[in-house]
S.K.: 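Have a look at the structure that comes next, please.
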Amino acid sequence: MISVNDFKTGLTVEVDGDIYTVLDFQHVKPGKGAAFVRSKLKNLRNGNTVEKTFRAGETIGRALIENRDVQYLYASGQDHVFMDNETYDQFSLSEEQLKWELNFLKENMNVKIVSYQGEILGINLPNSVELKVVETEPGIKGNTATGATKNAKVETGLNVQVPLFINEDDILLIDTREGKYISRA
């Protein structure tokens, strides 16, 4: 059990039978009435974000999340197959569970699997990945005074806004949290 007064960003808690990670929290002490904690929580099972208010000092269950190193092997229809790097066990996750992550996953890529009491909740990607540009229109010379950008499609199918000097077959560093271009690799 953990007190809501001890909330920190990134903490995982169990509320009403669901697993949440704390995205944001604020301690509020109104002039009249009892203090409370207003929090923004992300459900790790379905990805929904909810706002919950707790009374100050209230205790809730702490969820101990396990992170294991796994390797993405291949896609098989709607399922995506991973292998545990320690036990070599293979398991699959559905496309539904990996909506955002599929924009960055390449075969043989190492990621971390997030699980709670044996239930797989999803995967954690590295903060940035290297992806190859497969399609982009050519940049027009002399058109760079305003820091102009153009659209580029990378090997996973993700469309990214990139500077005009990026060409096809360039390797880019892409931020997996926001899906934005960082630099050339």
Side-chain angles (χ1 to χ4, degrees), residues 1-29 34-131 155-158 173-180 182:
M1 299 299 273
I2 187 168
S3 169
V4 295
N5 295 336
D6 298 330
F7 267 11
K8 290 180 177 59
T9 303
L11 181 72
T12 50
V13 294
E14 186 172 2
V15 180
D16 302 329
D18 272 328
I19 311 304
Y20 294 94
T21 185
V22 177
L23 298 177
D24 193 25
F25 64 96
Q26 180 180 18
H27 295 278
V28 180
K29 297 176 185 161
F36 58 91
V37 176
R38 190 176 291 134
S39 62
K40 190 178 209 178
L41 307 172
K42 180 179 179 184
N43 188 322
L44 292 178
R45 288 194 172 115
N46 59 26
N48 293 343
T49 302
V50 296
E51 293 197 14
K52 289 202 180 276
T53 303
F54 301 97
R55 292 184 311 277
E58 189 176 341
T59 57
I60 54 176
R62 172 120 193 240
L64 296 175
I65 300 297
E66 181 184 355
N67 289 306
R68 290 191 330 264
D69 289 324
V70 297
Q71 184 178 44
Y72 175 61
L73 297 178
Y74 59 90
S76 174
Q78 295 290 325
D79 291 334
H80 297 271
V81 181
F82 294 84
M83 177 183 69
D84 189 310
N85 289 348
E86 291 178 21
T87 63
Y88 302 109
D89 291 336
Q90 291 187 11
F91 58 91
S92 62
L93 295 175
S94 70
E95 240 174 61
E96 184 74 20
Q97 291 174 289
L98 300 171
K99 286 181 223 157
W100 175 252
E101 290 86 352
L102 286 177
N103 290 318
F104 309 101
L105 274 178
K106 295 191 310 188
E107 289 185 1
N108 301 321
M109 183 178 189
N110 287 317
V111 295
K112 289 195 180 297
I113 198 83
V114 179
S115 62
Y116 175 70
Q117 295 179 349
E119 174 191 0
I120 296 173
L121 300 172
I123 64 170
N124 277 345
L125 294 167
N127 289 339
S128 61
V129 293
E130 292 182 0
L131 297 173
E155 60 191 302
T156 59
L158 177 69
L173 204 57
I174 307 291
D175 186 331
T176 59
R177 296 163 293 194
E178 298 178 13
K180 292 185 177 177
I182 299 173

S.K.: Do Leu44 and Tyr20 come close enough that some side-chain heavy atom pair is under 4.5 Å?
M.R.: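 Contact flag for Leu44/Tyr20 side chains = no.
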S.K.: Would Leu23 and Thr9 count as a side-chain contact (heavy atoms from CB on, under 4.5 Å) if you check the C-alpha gap in whole Å, the side-chain angles of each, and the deciding distance to 0.1 Å?
M.R.: CA-CA 5 Å; Leu23 298 177; Thr9 303; 5.8 Å; no
S.K.: Does Thr59 reach the main-chain N or O of Ser3 with its side chain, forming a donor-acceptor pair under 3.5 Å?
M.R.: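 Pair absent, no side-chain N/O of Thr59 close to backbone of Ser3.
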S.K.: Kindly say whether Glu178 contributes a backbone atom to a donor-acceptor pair with the side chain of Trp100 at under 3.5 angstrom?
M.R.: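 The answer is no, because no donor-acceptor pair under 3.5 Å joins these two groups.
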S.K.: Have a look at Leu73 and tell me which of Met109, Glu107, Gln90 forms a side chain to side chain contact (heavy atoms under 4.5 Å, CB included) with it.
M.R.: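 Between Leu73 and the candidates, side chain to side chain contact (heavy atoms under 4.5 Å, CB included) is satisfied uniquely by Gln90.
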S.K.: Kindly determine whether Met83 and Asp89 satisfy side-chain contact (heavy atoms from CB on, under 4.5 Å), including the steps that lead there.
M.R.: CA-CA 6 Å; Met83 177 183 69; Asp89 291 336; over 6 Å; no
S.K.: Indicate the atoms forming the closest heavy-atom contact of Phe104 with Thr176, along with that distance.
M.R.: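 For Phe104 and Thr176, the tightest heavy-atom pair comes out as CE1-O, 3.6 Å.
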S.K.: Taking Leu41's backbone N and O only, do any of them form a donor-acceptor pair with Ser39's side chain (distance below 3.5 Å, no angle check)?
M.R.: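 No, the answer is negative, given that no donor and acceptor are paired below the 3.5 Å cut-off.
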S.K.: If we only count heavy atoms from C-beta on, is the Ile182 to Ile174 side-chain gap below 4.5 Å?
M.R.: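 No, every pair of side-chain atoms sits at 4.5 Å or beyond.
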S.K.: For Tyr116 and Glu14, which I'm curious about, is there any donor-acceptor pair between the side chains at under 3.5 Å?
M.R.: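 Side chains of Tyr116 and Glu14: pair found under 3.5 Å.
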S.K.: Taking the side chain as C-beta and beyond, is there a heavy-atom pair between Leu105 and Val111 under 4.5 Å?
M.R.: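 Yes, close enough: below the 4.5 Å cut-off.
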S.K.: Stepwise, does the side-chain contact (heavy atoms from CB on, under 4.5 Å) test hold for Leu121 with Ile65?
M.R.: CA-CA 9 Å; Leu121 300 172; Ile65 300 297; 4.0 Å; yes
S.K.: Check step by step if side-chain contact (heavy atoms from CB on, under 4.5 Å) holds for Asn110 and Val70.
M.R.: CA-CA 6 Å; Asn110 287 317; Val70 297; over 6 Å; no
S.K.: Crowded around Lys106 NZ? As in, over 12 foreign heavy atoms under 6.0 Å?
M.R.: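 It does: Lys106 NZ has more than 12 such atoms within range.
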S.K.: Quick one: closest heavy-atom pair of Arg38 and Thr53, and the distance?
M.R.: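 In this case the closest contact between Arg38 and Thr53 is CG-OG1, 4.3 Å.
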S.K.: Do Ile123 and Leu93 have side chains that get closer than 4.5 Å, going by heavy atoms?
M.R.: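 Yes, close enough: below the 4.5 Å cut-off.
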S.K.: What's the separation between atom OG1 in Thr156 and atom CG in Asn103, rounded to the nearest 0.5 Å?
M.R.: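 Thr156 atom OG1 to Asn103 atom CG measures 6.0 Å (nearest 0.5 Å).
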S.K.: Return the CD to CD1 distance between Gln71 and Ile113, rounded to the nearest 0.5 Å.
M.R.: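 Between atom CD of Gln71 and atom CD1 of Ile113 there are 13.0 Å.
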S.K.: Kindly compute the distance separating CD (Glu96) from CD (Gln78), expressed to the nearest 0.5 Å.
M.R.: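 Nearest 0.5 Å value for the CD-CD distance: 9.5 Å.
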S.K.: Measuring only between side-chain heavy atoms, which start at C-beta, is Val13 closer than 4.5 Å to Arg62?
M.R.: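 Result no, sub-4.5 Å side-chain heavy-atom pair not found.
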S.K.: Less than 4.5 Å apart, side chain to side chain, heavy atoms only: is that true for Asn127 and Asp175?
M.R.: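 In short, these two side chains do not touch, never coming nearer than 4.5 Å.
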S.K.: If you measure from CD on Gln97 to CG on Asn46, what distance do you get to the nearest 0.5 Å?
M.R.: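 The distance works out to 11.5 Å.
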S.K.: Please, which pairs that meet salt bridge (Lys or Arg N to Asp or Glu O under 4.0 Å) have at least one residue in residues 65-85, sequence neighbours excluded?
M.R.: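 Listed by first then second residue: Glu66-Arg68, Arg68-Asp84, Asp69-Lys112.
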S.K.: Step by step, would you call Lys52 with Asp16 a salt bridge (Lys or Arg N to Asp or Glu O under 4.0 Å)?
M.R.: CA-CA 11 Å; Lys52 289 202 180 276; Asp16 302 329; 3.6 Å; yes
S.K.: Under 3.5 Å, side chain of Ser92 to main-chain N/O of His80, donor-acceptor pair present?
M.R.: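 Checked: no pair found.
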S.K.: Taking the side chain as every heavy atom from C-beta outward, state whether Val114 and Ile120 have any atom pair closer than 4.5 Å.
M.R.: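 A side-chain contact under 4.5 Å is absent here.
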S.K.: Rounded at 0.5 Å granularity, tell me how far CG in Leu125 sits from CG in Leu102.
M.R.: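 The CG atom of Leu125 sits 9.5 Å away from the CG atom of Leu102.
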S.K.: Would you say CD of Glu86 has more than 12 non-hydrogen atoms from neighbouring residues, nucleotides or ligands within 6.0 angstrom?
M.R.: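 No, the 6.0 Å shell around CD holds no more than 12 heavy atoms from other groups.
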S.K.: Atom CG in Asp24, atom NZ in Lys42: separation rounded to 0.5 Å?
M.R.: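 Between atom CG of Asp24 and atom NZ of Lys42 there are 14.5 Å.
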S.K.: Take the angle between the ring planes of Phe91 and Phe82 and call it parallel below 30°, perpendicular above 60°, tilted in between.
M.R.: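 Parallel.
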S.K.: Taking C-beta and beyond as the side chain, do Asn108 and Tyr72 meet within less than 4.5 Å on heavy atoms?
M.R.: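 Result no, sub-4.5 Å side-chain heavy-atom pair not found.
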S.K.: Taking all non-hydrogen atoms of both residues, which atom of Ala35 and which atom of Lys29 are closest, and how far apart?
M.R.: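 Answer, listing the atom of Ala35 first, then Lys29: CB-CG, 3.9 Å.
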